Amino acid sequence: MMSLEIKKVDKRDAKLSMAYIYVAFIALAIGGLMGLLQTLVRSGKLQLPGGINYYEILTAHGVLLGLVLTTYFILGFQFAAISRTAGTLTNKARITGWIGFFIMVIGTISTTIMILTNKATVLYTFYAPLQAHFIFYLGLTLVIVGSWVACGAMIATYIKWRKENPGQPSPLLSFMAVTNSIMWIVATLGVAGEVLFQLIPWSLGWVDTVNVLVSRTLFWYFGHPLVYFWLLPAYMAWYVIIPKIIGGKIFSDSLARLVFILFLLFSIPVGFHHQLTEPGIDAGWKFVQVILTFMVIVPSLMTAFSMFATFEMFGRSKGAKGLFGWLKKLPWRDARFLVPFIGMVAFIPAGAGGIINASNQMNQVVHNTIWVTGHFHLTVATTVVLTFFGISYWLIPHLTGRIFTKAMNRLAIFQAICWTIGMAFMSTSMHLEGLLGGPRRTAYTTYGDAKQALDWIPYQVAQAIGGSILFLGIVLIIVIVINLAFFAPKGEQEFPVGEVAENAEKTPLVLENWKIWLTILTALILIAYTVPFVDMIQNAPPGSKGFKFW
Ligand code: HAS
């Protein structure tokens with residue numbers, strides 16, 4: 001029985017999605033305020049009141065924006081995408097989604113309380129030997145377990161659709177959401193292992209040492225796929241929703257699915273590229289993982305090609321002439337298109353920066369400098385977050401039964417201009433200061449009056465200017481979200497889902513043969529990690545005990 005295409009997300013599923021999205025934007029508001037304070041402190045213009053520890057607000061900023069905002073928004077968006085394209089969730093799946101939500105919320109609140117009471121000033125990567133209160137680690141574990149429960153509900157809905165439609169490729173948006181969920185589950189096994197078997201026993205005093213190299217390796221086994229867990233929902237919008245918004249077609253269903261499969265395969269066995277300067281890891285294995293890192297660049301380059309093709313195909317269909325005539329045909333006054341498009345453009349320098357990061361010799365120049373901070377403020381804080389804002393402009397009114405008004409559209413465009421200007425100041429000056437050796441994760445005050453630090457001050461002032469403009473952008477997006485959720489006029493806002501171009505190739509079913517892809521993924525992970533990981537344990541530093549995790 002072919003499932004009829006659903007045009008509107010079921011009200012009960014909409015409530016579930018919005019619950020996740022509300023938490024995401026609360027995290028944005030709190031985490032964004034922390035970011036503003038950080039840039040003001042680093043410019044030397046602000047002393048935090050009441051002896052607030054700079055690294056406490058830095059931890060709050062990273063956890064709330066890097067982990068909470070992203071994970072909650074993504075799960076909320078994916079639930080809506082699956083309900084819209086694979087069909088309304090069953091009661092069981094929806095209850096499971098709510099269980100996952102409440103487990104995550106309990107974890108988020110506990111973690112946040114530990115951070116804001118200075119009991120978990122360990123930054124968002126919580127690197128040992130920095131130690132937090134065990135409730136911080138327990139809270140993070142709940143967030144991860146809750147997200148697994150939520151992903152389980154999505155995967156169950158996808159499996160139900162596949163059973164009801166044998167021999168049919170699944171709806172593209174659902175396939176993408178499920179691929180991202182599977183990648184998230186496989187990647188979070190690493191950080192779950194680190195927290196459960198190392199950091200919680202250590203923070204409870206059950207063991208008195210921790211194998212730092214093992215803990216960092218388990219974190220970065222998770223940490224790089226984490227960035228693609230953020231990126232892929234943005235790609236979901238670029239591939240499937242933007243073509244509908246501009247009035248065009250999806251360039252190729254199978255190319256889009258292949259891109260997601262390539263991310264699934266190559267985003268996990270690459271964590272050593274965050275550890276290139278780390279001793280204790282054989283250079284040969286670092287080399288293997290850098291090669292795999294360069295493999296994971298390919299699906300992004302394929303995405304660039306596909307987006308240009310989508311735009312050009314649409315422009316030509318409207319009579320565009322000349323090499324770039326199609327640019328004129330794009331809906332520049334529609335924030336639902338313009339805001340994600342700015343994210344795409346930002347991803348060109350952002351991705352180039354990533355390639356520099358991954359190039360071993362150049363990584364020696366930029367590692368642990370504020371260049372890296374500039375990189376991820378372009379990737380996640382611009383490409384991904386601006387796309388999330390662009391999604392919100394139609395998704396929130398769709399889910400709450402309201403419309404995206406002309407006034408909010410204008411405000412959304414102004415917000416994106418603020419974001420672009422603020423980020424241009426902040427990220428550019430971070431990249432430049434990083435090339436001058438300016439370290440990341442340091443408050444201005446720790447520089448003292450060292451001569452070299454004085455060279456960095458102009459860049460930090462530029463970061464404070466950029467950070468202040470960005471904070472205005474955060475205030476604006478919160479105003480827009482509150483308006484769209486609670487005050488915009490009632491009405492029908494479309495959940496745009498693109499159709500595939502007529503001349504696109506038929507989608508090969510092998511792209512949904514999960515046995516093949518999960519087998520290759522497991523093989524790649526074992527090839528990339530088994531030998532170096534065993535080496536780290538066998539040659540653990542003196543004093544380690546037991547599994548030499550400690
Ligand atoms: Fe990264 C560090 C390498 C992508 C986020 N990255 C980080 C950290 C974060 C982060 C948070 O190899 C810091 C972690 C920490 O706290 O220490 N990154 C890469 C590489 C890529 C990459 C090779 N990163 C991302 C994405 C992120 C992200 C995406 C978030 C969403 N990154 C690294 C490395 C480090 C690192 C090292 C460690 C550095 C160190 O030493 O600590 C690649 O995926 C990039 C591929 C992308 C491209 C660009 C393709 C362009 C596209 C847009 C086209 C535009 C169109 C619009 C079509 C090659 C797809 C039309 C345009 C017109 C003009 C018309």
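This is a predicted model, so every value here is computed, not measured.
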From [X] atom [atom1] to [Y] atom [atom2], the distance as rounded to the nearest 0.5 Å:
{"X": "Gln78", "Y": "Phe73", "atom1": "CD", "atom2": "CZ", "answer": "10.5 Å"}
{"X": "Tyr22", "Y": "Lys15", "atom1": "OH", "atom2": "NZ", "answer": "10.0 Å"}
{"X": "Glu194", "Y": "Phe219", "atom1": "CD", "atom2": "CZ", "answer": "7.0 Å"}
{"X": "Ile21", "Y": "Leu16", "atom1": "CD1", "atom2": "CG", "answer": "9.5 Å"}
{"X": "Lys8", "Y": "Phe495", "atom1": "NZ", "atom2": "CZ", "answer": "10.5 Å"}
{"X": "Phe101", "Y": "Thr108", "atom1": "CZ", "atom2": "OG1", "answer": "8.5 Å"}

If every non-hydrogen atom of Ala504 is compared with every non-hydrogen atom of Ser252, which pair is closest and at what distance?
CB-CA, 4.3 Å
What are the two closest heavy atoms between Pro532 and Ala528, and how far apart are they?
CG-O, 3.5 Å
Are the side chains of Met183 and Phe260 in touch, meaning some heavy atoms are under 4.5 Å apart?
no
Do Leu265 and Leu524 come close enough that some side-chain heavy atom pair is under 4.5 Å?
yes
Residues that [X] engages under side-chain contact (heavy atoms from CB on, under 4.5 Å), provided they are two or more places apart:
{"X": "Ile478", "value": "Phe25, Leu28, Ala29, Ile474, Ile482"}
{"X": "Leu470", "value": "Trp419, Met423, Met426"}
{"X": "Asp282", "value": "Trp285"}
{"X": "Phe324", "value": "Trp326, Leu327"}

What residues form a ring pair (Phe, Tyr, Trp, His ring centres under 6.0 Å) with Phe287, not counting sequence neighbours?
none
Holding to ring pair (Phe, Tyr, Trp, His ring centres under 6.0 Å), I want the full list of residues that pass it with Phe175, two or more places apart in sequence or in another chain.
Trp514
Main chain of [Y], side chain of [X]: is a donor-acceptor contact present, judged purely on distance under 3.5 Å?
{"X": "Asn363", "Y": "Asn357", "value": "yes"}
{"X": "Gln493", "Y": "Phe404", "value": "yes"}
{"X": "Arg402", "Y": "Ala485", "value": "yes"}
{"X": "Asn180", "Y": "Phe229", "value": "yes"}
{"X": "Thr85", "Y": "Leu173", "value": "no"}

What about the rings of [X] and [Y], do their centers lie closer together than 6.0 Å?
{"X": "Phe272", "Y": "Trp220", "answer": "no"}
{"X": "Tyr221", "Y": "Phe533", "answer": "no"}
{"X": "Tyr20", "Y": "Phe77", "answer": "no"}

Could you pull out every donor-acceptor pair under 3.5 Å between side chains of residues 142-154 and any protein atom, sequence neighbours left out?
from   : atom 1 : to     : atom 2 : distance (Å)
Ser147 : OG     : Ile144 : O      : 2.5
Ser147 : OG     : Trp184 : NE1    : 2.8
Trp148 : NE1    : Thr188 : OG1    : 2.6

Please, which pairs that meet side-chain hydrogen bond (donor to acceptor under 3.5 Å, both in side chains) have at least one residue in residues 340-356, sequence neighbours excluded?
none
Could you work out, with salt bridge (Lys or Arg N to Asp or Glu O under 4.0 Å) as the rule, every residue matching [X], not counting sequence neighbours?
{"X": "Lys244", "value": "Glu499"}
{"X": "Glu278", "value": "Arg216"}
{"X": "Glu512", "value": "Arg162, Arg257"}

Please work out whether the ring planes of Tyr235 and Tyr239 are parallel, tilted or perpendicular, with thresholds of 30° and 60°.
perpendicular
For the residue pair His274 and His224, categorise the inter-ring angle as parallel (less than 30°), tilted (30 to 60°) or perpendicular (more than 60°).
tilted
Taking only residues two or more places apart in sequence, or in another chain, which ones meet Thr387 in a side chain to side chain donor-acceptor pair (under 3.5 Å)?
Trp238
